[in-house]
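What follows is a set of notes on a single structure, which appears directly below.
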Amino acid sequence: FFLLLYSLQSTISIYHPFSLATMKLSAAVLALAILNAAAGDSDFGELPPGITTKDAQTAWEDFVKNAFPTWCIDGNETRIDGVDGKCADGSKSGRYDPFYLAKWHSGKDPSLGGYPTDVDTRYPFYYASGFFGQACAGGNAHCSFDFDGGANNCAKCGKVVTENDDGPNGPGHVPPHIGLAALTRAYHDGGFGAVSTWFDFAMNGCRVLPNVLLPMIRAYFPRDENGKAAYPPPFTSEGGPGLPDGMTYPYPLEFVNFVGETCKAEQGKFASAQCYEQHSNGNATDFPEYLQPGHGSPKYCSVGAKEADVNNDWCPYIFFGPNRGKYRHPHIAFAAVESWLASKVIDECGEEWDDNDGKDYPHTPDHSIAWPKMAVVEGFEDHPMQPALTEAGGFIWPGDEGTKRKACKGMFSIEKYLTPTTIGTPLVADSGTPLVADSGTPLVAD
């Protein structure tokens, strides 16, 4: 019945006082709410708790922090070690950084400042590339064995994309914010059975079963007649989490780098888009002078880095203004939701991610990705580092840590790695002959 209702595509725009963002109420969900208002699976109250009484950002900050407790800090933001229990602000003391500024150390020991990767949290529809020493290895971009990661932007290699959900690569890459949107909407709207049926501890631990999550995703984000699935951005109501009664809102911990004219352009596509003006109540004059305002993504790259066409992932998250360090990956929020739900229905699961999959985090070898050479910004030495540039204006990859070719545990896709690149000039062997996937020549790790 739920899936039949969701085949309806008309929507009604409404406003809710807790957010300035336009929210979407589908006719299908409205019908479901009228017919079955009391039968939703919101068995454990609001998700996240306080979402209708606090502002959305505070509710999600508190919720994620409960699943990934951060270490205590003093008034100068200096870490206070040895705290067992709660920090001065009443929050739980933990091992994660309260100011997440860069992806550089994600996958490593949390004391370095990073958080678990999508592979660490085992988000089922990520389709990471294997760690074979190519650029972007371990992420969702899949570069070939002969791709020149020192000359080309590895994000352009592309993700795993499929035309249906039935093939060997299943649905292909589904962004974690879409999983988060579908899961929270399904929780509030009902129609997918009791929450307890979403888990099987013996088979899948404290994580939502993939065969439960995918129908949720397709109910809210169906493929079109040509097999294409559209996934709106997380900073929009169209791609954001759900509230009771079918309403949706932008994921509030994204802090996307759209401002000024680029914000207007994005809001021309999605009127609900939350740009810098909305999430930080400012404008482009707030940006440090060396940054490129408005280039999209939640990263904040230097002008030179953007001119060099670096992978945005190598730049820091928001590190100035009222939301400094508050970015949290949607897959981290998704893992927090999984932990919270699982703790309600499975005795072995806890609300903290470290109670569940995080018990063995970080892994050996870890899932951190190979970074470029980085440099301090002259005159702004206390700011996060930016990708270093050559005299010719190019970036330098790999950096000091090497290519990080390593044998990691986890689920990876290798198909595209073995397909010759079509981007830039392919790498060649020392002899000058093109590299081939089956050359038989032993590879040497860094």
Side-chain angles (χ1 to χ4, degrees), residues 11-25 46-48 50-65 98-101 175-178 180-181 184-185 230-289 291-301 306 312 315-334 384:
T11 61
I12 306 169
S13 293
I14 66 174
Y15 287 86
H16 187 274
F18 102 85
S19 173
L20 296 176
T22 303
M23 301 178 185
K24 300 294 182 179
L25 179 63
E46 298 174 344
L47 174 59
I51 188 62
T52 61
T53 57
K54 307 175 184 178
D55 65 275
Q57 181 175 329
T58 299
W60 276 102
E61 285 177 359
D62 292 346
F63 184 71
V64 172
K65 192 173 184 178
F99 296 100
Y100 181 49
L101 299 176
H177 76 270
I178 294 297
L180 177 67
T184 54
R185 296 180 193 189
Y231 300 130
F235 51 86
T236 67
S237 294
E238 291 85 347
L243 281 170
D245 302 323
M247 294 181 292
T248 64
Y249 58 100
Y251 175 60
L253 305 184
E254 187 73 5
F255 309 115
V256 70
N257 184 358
F258 280 122
V259 66
E261 291 304 314
T262 60
C263 177
K264 293 178 182 178
E266 190 66 17
Q267 290 179 340
K269 303 173 187 176
F270 300 98
S272 63
Q274 298 287 282
C275 304
Y276 183 82
E277 288 88 342
Q278 287 77 45
H279 63 65
S280 293
N281 195 31
N283 56 51
T285 62
D286 299 339
F287 285 56
E289 62 188 40
L291 289 185
Q292 177 65 58
H295 62 71
S297 92
K299 301 303 186 79
Y300 290 75
C301 298
K306 291 306 299 178
N312 282 340
C315 300
Y317 297 106
I318 192 163
F319 61 91
F320 57 94
N323 294 310
R324 174 178 175 270
K326 293 183 178 182
Y327 173 82
R328 295 296 183 270
H329 292 280
H331 75 266
I332 293 297
F334 182 87

Quick check, are the ring centers of Tyr317 and Phe255 under 6.0 angstrom apart?
-> no
Kindly write out the residues that satisfy ring-ring contact (aromatic ring centres under 6.0 Å, His included) with Tyr300, not counting sequence neighbours, or none if the list is empty.
-> Phe287, Phe320
ring-ring contact (aromatic ring centres under 6.0 Å, His included) filter on His295, not counting sequence neighbours, yields none
Is it true that a side-chain atom of [X] and a backbone atom of [Y] form a donor plus acceptor pair closer than 3.5 Å?
X	Y	value
Asn323	Lys326	no
Thr262	Phe258	no
Thr248	Glu238	no
Asn257	Pro298	no
Asp286	Asn283	yes

Given side chain to side chain contact (heavy atoms under 4.5 Å, CB included), test Leu101 with Tyr327 step by step and report yes or no.
-> CA-CA 8 Å; Leu101 299 176; Tyr327 173 82; over 6 Å; no
Tell me, do Leu253 and Tyr100 make a side-chain contact under 4.5 Å, heavy atoms counted?
-> no
Side-chain heavy atoms of Pro293 within contact of Tyr276, under 4.5 Å = no
Identify which one of Pro241, Pro233, Ser237 satisfies the side chain to side chain contact (heavy atoms under 4.5 Å, CB included) criterion when paired with Pro250.
-> Ser237
Look up atom CH2 in Trp60 and atom CG in Leu180, then write down how far apart they are to the nearest 0.5 Å.
-> 4.5 Å
Enter the distance from Gln267:CD to Lys264:NZ here, rounded to the nearest 0.5 Å.
-> 9.5 Å
Quick one: side-chain contact (heavy atoms from CB on, under 4.5 Å) partners of Pro234, sequence neighbours excluded?
-> His177, Tyr251, Glu254
With His331, which residues qualify under side-chain contact (heavy atoms from CB on, under 4.5 Å), at least two apart?
-> Asp118, Thr121, Pro176, His329
Under the side chain to side chain contact (heavy atoms under 4.5 Å, CB included) rule, what do Gln274 and Gln57 come out as? Steps first, then yes or no, please.
-> CA-CA 12 Å; Gln274 298 287 282; Gln57 181 175 329; over 6 Å; no
Check step by step if side chain to side chain contact (heavy atoms under 4.5 Å, CB included) holds for Asn312 and Lys306.
-> CA-CA 8 Å; Asn312 282 340; Lys306 291 306 299 178; 2.8 Å; yes
Looking only at heavy atoms, what is the nearest atom pair of Tyr249 and Gly242, with distance?
-> CE2-O, 3.8 Å
Atom of Gly239, atom of Ala181 and distance for their closest heavy-atom approach = O-CB, 3.8 Å
What pairs meet the disulfide (SG to SG under 2.5 Å) rule with one or both residues in residues 244-273, with sequence neighbours excluded?
-> Cys263-Cys275
Under the side chain to side chain contact (heavy atoms under 4.5 Å, CB included) rule, what do Ile318 and Ser280 come out as? Steps first, then yes or no, please.
-> CA-CA 10 Å; Ile318 192 163; Ser280 293; 3.8 Å; yes
Got a sec, which pairs hit salt bridge (charged side-chain N to carboxylate O under 4.0 Å, His left out) with one end in residues 269-279, sequence neighbours left out?
-> Glu266-Lys269
